[in-house]
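In what follows, every chain begins at residue 1, and chains take the letters A, B, ... in the order their sequences are listed. Because the structure is predicted, anything quoted here is derived from the model rather than measured.
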There are 2 protein chains.
Amino acid sequence: MAVSKWNVEGEAMCPRRLVLEHVTSRWGVLVLIELNERPYRFSELRRAIGRVSEKMLTQTLQTLERDGLVHRDAKPVIPPRVDYSLTELGREAALLVSALGTWTEERMDDVVKARETYDGART
Amino acid sequence: MAVSKWNVEGEAMCPRRLVLEHVTSRWGVLVLIELNERPYRFSELRRAIGRVSEKMLTQTLQTLERDGLVHRDAKPVIPPRVDYSLTELGREAALLVSALGTWTEERMDDVVKARETYDGART
DNA sequence: CGGGATCCTCACAGATACTG
DNA sequence: CAGTATCTGTGAGGATCCCG
């Protein structure tokens with residue numbers, strides 16, 4: 001289980017940090033941002049994010065489902081069809097995470113400039 | 001370089017994702033939250049966060065400094081004294097990240113409940 | 001005290017193959 | 001199509017030593 005990048009089944013970790021880490025995990029962030037737009041099917045989501053292995057996407061979705069942020073709707077048809085969407089809790093988190101994503105886009109050039117200054121200052 | 005949990009010097013990565021990943025990186029999140037309260041000295045910050053190795057804290061701070069989010073003020077005294085604070089850019093990011101932290105605290109019990117339901121549902 | 005340089009290790013994450 | 005299972009490397013991250 002656990003998609004978390006660290007200390008997955010961390011014992012001596014306050015659970016608060018754990019949730020925060022699931023939400024801010026590499027793929028967790030991107031999944032929340034995408035699902036904030038609209039529901040997605042598995043492969044569709046995979047393509048939308050890009051460069052995610054099936055395994056990691058599955059793990060991420062399971063972790064977020066377990067935390068009650070993502071709703072999984074598996075239809076018993078052939079071929080299988082599974083839709084993922086956000087729960088109310090997930091929408092709240094997604095809003096905050098998306099805000100971060102937006103901020104990043106807006107401030108990218110400032111960051112790039114800062115980097116050039118920083119790198120330049122050390123010959 | 002790079003504190004990021006993933007793909008650190010990612011080549012084929014859009015820089016937008018890179019910044020997002022620095023900000024949402026394991027220790028990056030916690031550093032921003034702490035520095036959002038007030039400036040800290042290195043060891044002080046280390047204690048405030050808890051369970052961070054010196055190495056990781058150093059790396060994280062360097063990455064954030066390079067991105068122009070953190071200001072480093074090294075006083076040339078003995079023993080050395082280095083103060084860290086947020087830049088304007090950093091404050092903006094910290095606000096968003098802190099919001100996530102606050103949300104996590106507030107919604108923790110819902111998450112915990114969701115987990116119990118999820119785990120219970122699979123015997 | 002702040003942090004650079006090394007070494008080591010484990011678990012994250014990818015690739016592949018198989019199933020319903 | 002949507003997963004699960006297994007196998008493996010690679011690098012994040014911790015520990016330790018050292019130096020200004």
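B:Arg107 pairs by the side-chain hydrogen bond (donor to acceptor under 3.5 Å, both in side chains) definition with A:Glu92, B:Asp110, not counting sequence neighbours.
Judged by distance alone, with hydrogens and angles left aside, the side-chain atoms of A:Glu65 form no donor-acceptor pair with the main-chain N or O of A:Gln62 at under 3.5 Å. No donor-acceptor pair closer than 3.5 Å links the side chain of B:Ser98 to the backbone N or O of B:Leu95. Of the possible polar contacts, one joining the B:Thr87 side chain to the B:Leu69 backbone as a donor-acceptor pair under 3.5 Å is found.
The shortest distance between the side-chain N/O atoms of B:Gln62 and the OP1/OP2 oxygens of C:dG4 is below 4.0 Å. OP1 or OP2 of D:dG3 lies within a sub-4.0 Å distance of a side-chain N or O belonging to A:Tyr84. Within the 4.0 Å cut-off from OP1 or OP2 of D:dA2, at least one side-chain nitrogen or oxygen of A:Arg41 is found.
Distance CG (A:Asp73) to C1' (D:dC1): 15 Å, rounded to an integer number of Å. We find that CG of B:Leu45 is positioned 14 Å from C1' of C:dC1, with the value rounded to whole Å. With rounding to whole Å, A:Gln59 atom CD is found 10 Å from D:dT4 atom P. Rounded to an integer number of Å, the gap from CG of B:Leu57 to P of C:dG4 is 11 Å. One atom, CZ of A:Arg81, and another, P of D:dA2, lie 8 Å apart when rounded to the nearest Å. In this structure, CZ of B:Arg46 is placed 10 Å from C1' of D:dG14, rounded to the nearest angstrom. The separation between A:His22 atom NE2 and C:dC12 atom C1' is 13 Å, rounded to whole Å.
Put simply, the residue from B:Val31, B:Val97, B:Leu86 that forms a side-chain contact (heavy atoms from CB on, under 4.5 Å) with B:Asn36 is B:Leu86.
At a threshold of 4.0 Å, the pair B:Arg26-B:Glu21 does not count as salt-bridged, since none of the basic side-chain nitrogens sits closer than that to a carboxylate oxygen.
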Protein-to-nucleotide contact annotation, 5' to 3' order, nucleotides 14-20 of chain C [B base; S sugar-phosphate only; - none; under 4.0 Å, heavy atom]: BB----B
